[in-house]
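I have placed the structure first, in the form of C-alpha cells, so that the comments after it can refer back to it.
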Number of protein chains: 2
Amino acid sequence: MNQSGMRHDRRLPPTAPPSLAERIRLEMESFTPSEKRAAHLLLSHYPFAGLDTVAEFASRAGISAPSALRFVTRLGFSGFPDFQKHLREELEAQLLSPLAKAGPADKSQGAPALSSFSEAVIGNLRATVENIAPAEFEAVVTLLSDPRRHIHFTGGRFTGALARYAESHFRIVRSNVDFIEGQPALWRDRMIEIGKKDVIVAFDIRRYQEDVTALCETAAKQGATIVLLTDPWLSPIARVARHVLPAHIVAPSNWDSSAGLLLLTEALVATVTKRLWETAKPRMEAVERLRSEKA
Amino acid sequence: MNQSGMRHDRRLPPTAPPSLAERIRLEMESFTPSEKRAAHLLLSHYPFAGLDTVAEFASRAGISAPSALRFVTRLGFSGFPDFQKHLREELEAQLLSPLAKAGPADKSQGAPALSSFSEAVIGNLRATVENIAPAEFEAVVTLLSDPRRHIHFTGGRFTGALARYAESHFRIVRSNVDFIEGQPALWRDRMIEIGKKDVIVAFDIRRYQEDVTALCETAAKQGATIVLLTDPWLSPIARVARHVLPAHIVAPSNWDSSAGLLLLTEALVATVTKRLWETAKPRMEAVERLRSEKA
DNA sequence: CTTGTTTTGAAATTTCTGATACAGGTTTTC
DNA sequence: GAAAACCTGTATCAGAAATTTCAAAACAAG
C-alpha cells in the first residue's frame with residue numbers, strides 16, 4: 001500500500017507488518033457510515049471479529065451482510081474467505097514473532113494528544129499501585145467486606161462521580177450501601193444515625209472541598225470509620241481517616257486525572273466481590289433477572 | 001443470534017482454562033492412527049492448522065474429511081464450526097491477556113490482586129488508545145469545541161457516573177452543557193427541545209441499557225448528533241451514532257472496568273479545554289473566585 | 001483361512017455461508 | 001427545489017462446506 005508513503009526508513013524490524021489494522025485506521029475517513037461501523041468493530045476486536053461468518057460480523061457491527069461484504073471488497077480482497085485468510089496469516093505471523101508484541105509505538109498518528117495523555121495516565125497508575133501499602137489496601141477490603149457495616153460513599157465536585165460509581169457497584173454486591181451528597185444541607189439530618197458501625201468512603205483530591213471535609217469530621221466525631229481516597233498531597237480529611245489510599249493525579253492537562261482513583265475503586269470492588277462471592281453471586285443474579293424481566 | 005448460551009455464569013475469575021492442546025497430548029495414546037495424524041498436525045501448528053476448512057485440514061493431515069470430523073467429535077465438540085470457535089476463543093483469550101494466562105487463579109488478597117489488576121487495566125488502556133481512529137477522536141473534539149452546540153451527557157447504571165464526571169468538567173470549560181438521567185420519565189419532556197444543534201454524548205457498555213438506547217434513538221430522530229463511548233462490542237446505540245469511541249473493558253474481575261472510558265473522557269476534556277482556552281480560562285478563573293469567596 | 005470388529009474414505013446429502021440484484025431511502029449537487 | 005449520485009438493507013440464489021451414509025479395507029482373534 002505504501003511505496004508512496006514516507007520513505008523514512010527507520011530500520012524497521014525484519015517484519016515490517018503493513019498491518020491491515022493500520023491501513024484501516026488511515027482510510028477511516030474515507031469510509032461510508034456502514035463501513036465505519038464495520039471498521040470499528042474489527043479494530044476493537046482485531047482481528048478476531050473478522051474470523052466469524054459474514055452474518056455474525058455484520059450483525060455485531062450493526063450492519064447488513066452485504067455492507068460487510070462491500071467493506072472487505074473495498075479493502076481490496078476478492079471476497080470474505082480471502083479476507084479471513086489474510087487475517088489468519090497476519091495473526092499467525094504476529095504470534096510467532098515475540099517482538100511484534102511490543103506494539104506499534106508510532107507517534108505519527110493524528111492524535112498524539114490521546115496517546116501521550118494515555119502514557120501519562122499509565123504512569124500514574126503504576127506509581128499509584130507502587131505507593132499503596134498492601135496492608136492498607138487489605139484492611140480496606142476487609143472493612144468493606146464486613147456485612148454488618150453500613151457503607152456510605154461521598155465525594156467532591158468531580159470525585160463525586162467516582163463515589164457514585166463505587167456505590168452503584170457495591171450496592172449490588174452487598175447490602176447497607178448508600179451515597180451521600182456533599183452539600184451539608186443534604187446530609188446534616190442523616191448524621192444523627194451515623195455511628196460506630198458506619199464506614200464513610202470519601203473521595204477528595206486537591207481543591208479539597210470543605211463540605212466533604214466537614215462531613216467526614218462530623219462522622220468521625222460520632223465514631224464512624226473513615227476511608228479516604230485522595231491525591232499524594234492528602235486531603236485534610238486524612239487527619240480523621242482510619243485508612244488512606246493516595247493516587248497520582250497529575251496529567252498533561254489543565255485538569256487532574258482521576259484514573260488512579262478509579263483503578264483503586266475497581267480493584268476494591270473486584271476484591272470485595274471475590275471475598276463475598278457466596279452472598280454476592282445470588283444478589284448479582286437477582287439483579288440480572290430483574291433486568292431481563294423488564295426487557 | 002447470541003452465542004452466549006451460558007446465561008448462568010457470571011464471567012468467572014480467571015481460572016486458567018486447560019488448553020485444548022494439553023488435553024490432546026494427554027489423550028494421544030487413545031487415538032486411532034488417523035486421529036493421531038490429525039492431532040499431530042494440529043499440535044504442530046497450534047491452533048492455526050485447525051482454522052481452515054475441514055477439507056484443508058484433512059488433506060494436510062493426510063486423512064479424509066470424515067476422519068477429521070470424527071477427531072473433533074471425539075474431543076467433545078458438536079461439529080467442526082464448534083471446534084473452530086473454541087480455537088478462536090482460546091486464541092483470543094491468550095492473546096489479549098498475556099499475563100492472565102500464567103496465573104492459576106490468584107485467590108490471594110491485597111497487593112498481588114491490586115498489581116495484577118492494574119496491569120490488566122493498563123493493557124486495556126493501551127489497547128483502547130491503539131484502536132481509536134485519530135480522525136474519530138479529532139472529530140469528537142471539534143464537535144465538543146463548538147460553542148453553538150448544546151452538549152448533553154448521559155449513561156447507564158454504572159456508566160452514568162462517568163457521564164456525570166464528564167459533565168462536571170465540561171460545564172466549567174464551556175456553556176450549554178447538561179446531564180440527562182437515563183430513565184425515560186425524566187427526559188421525555190426535555191426531548192421537545194432537542195434538535196440539530198444538540199449533541200448527545202452517551203456512555204454505554206454491555207448489559208446495554210434500553211432506556212439509554214431509547215433516549216439516543218429519540219434524539220437522533222430529532223436530528224441530534226450522537227457520540228457514543230462504548231465497549232468493543234458496541235452498544236446498539238452505535239446504529240444511530242455519528243461517532244463511536246470504543247474502549248476495552250475486560251478485567252480480572254466479576255465486573256467490567258471503565259478505566260478506558262475514563263481515559264477517553266479525560267483526554268477529550270483536556271483537548272477541548274486546550275482548544276477553547278481563550279474562553280475556558282476566564283470561566284475557570286471565575287469558578288475559582290466563587291470557591292474562595294464562599295470559603 | 002474365516003469371522004467379527006474396527007477403522008477408514010468415497011460419495012450422497014444437507015446445511016449454511018457468501019454473493020448478487022434490486023429497490024427504497026438519503027445525501028449531495030447543481 | 002429537483003435531479004443525480006450514492007448508501008444501504010431485503011430477498012434471493014448459487015455454491016461451498018460440513019455432515020451422514022455406507023461399503024470396503026485393515027486388523028485381531030479363533
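In what follows, every chain begins at residue 1, and chains take the letters A, B, ... in the order their sequences are listed. Computed from heavy atoms alone, side chains included, the values below leave out hydrogens, waters and symmetry copies.
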Sort me out a list of protein N/O and nucleotides 15-22 of chain D N/O pairs below 3.5 Å, or just none if empty.
residue: D:dA18; atom: OP1; partner: B:V54; partner atom: N; Å: 3.2
residue: D:dA18; atom: OP2; partner: B:V54; partner atom: N; Å: 2.9
residue: D:dT19; atom: OP1; partner: B:F80; partner atom: N; Å: 3.3
residue: D:dT19; atom: OP2; partner: B:F80; partner atom: N; Å: 2.7

Exercise for review: Walk me through it: do A:F31 and A:F71 pass the test ring-ring contact (aromatic ring centres under 6.0 Å, His included)?
Suggested key: CA-CA 9 Å; A:F31 289 151; A:F71 172 66; 5.7 Å; yes
Exercise for review: Specify the angle, to 10°, made by the local axes at the two ends of the helix from C:dC1-D:dG30 to C:dC30-D:dG1 when five pairs are taken at each end.
Suggested key: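 Angle reported: 30°, given to the nearest ten degrees.
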Review point. Aromatic rings A:F80 and A:F83: how do their planes relate, parallel, tilted or perpendicular, breaks at 30° and 60°?
Key: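 Aromatic pair A:F80/A:F83 classed tilted.
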Separation of [X] atom [atom1] from [N] atom [atom2], in whole Å?
{"X": "B:K221", "N": "C:dT26", "atom1": "NZ", "atom2": "P", "answer": "12 Å"}
{"X": "A:F83", "N": "C:dT17", "atom1": "CZ", "atom2": "C1'", "answer": "15 Å"}
{"X": "A:F57", "N": "D:dG9", "atom1": "CZ", "atom2": "C1'", "answer": "16 Å"}

Revision key, fill the gap. Expected list for residues 29-41 of chain B near DNA chain C, using heavy atoms below 4.0 Å, is B:T32, B:P33, B:S34
Review point. Can you tell me if the side-chain N/O atoms of A:S67 get under 4.0 Å from OP1 or OP2 in D:dT8?
Key: no
Point to revise | Atom of B:L144, atom of B:R174 and distance for their closest heavy-atom approach | key: O-NH1, 2.7 Å
Just wondering, are more than 12 heavy atoms of other shown residues or ligands nearer than 6.0 Å to [atom1] in [X]?
{"X": "B:R275", "atom1": "CZ", "value": "yes"}
{"X": "B:K197", "atom1": "NZ", "value": "yes"}
{"X": "B:R37", "atom1": "CZ", "value": "no"}

Checking [X] now: which residues fulfil side chain to side chain donor-acceptor pair (under 3.5 Å) with it, not counting sequence neighbours?
{"X": "B:R190", "value": "B:D178"}
{"X": "B:H243", "value": "none"}
{"X": "B:R60", "value": "none"}

**Study point:** Option from B:T128, B:N124, B:D231, B:N131 for which side chain to side chain donor-acceptor pair (under 3.5 Å) with B:H248 holds
**Key:** B:N131
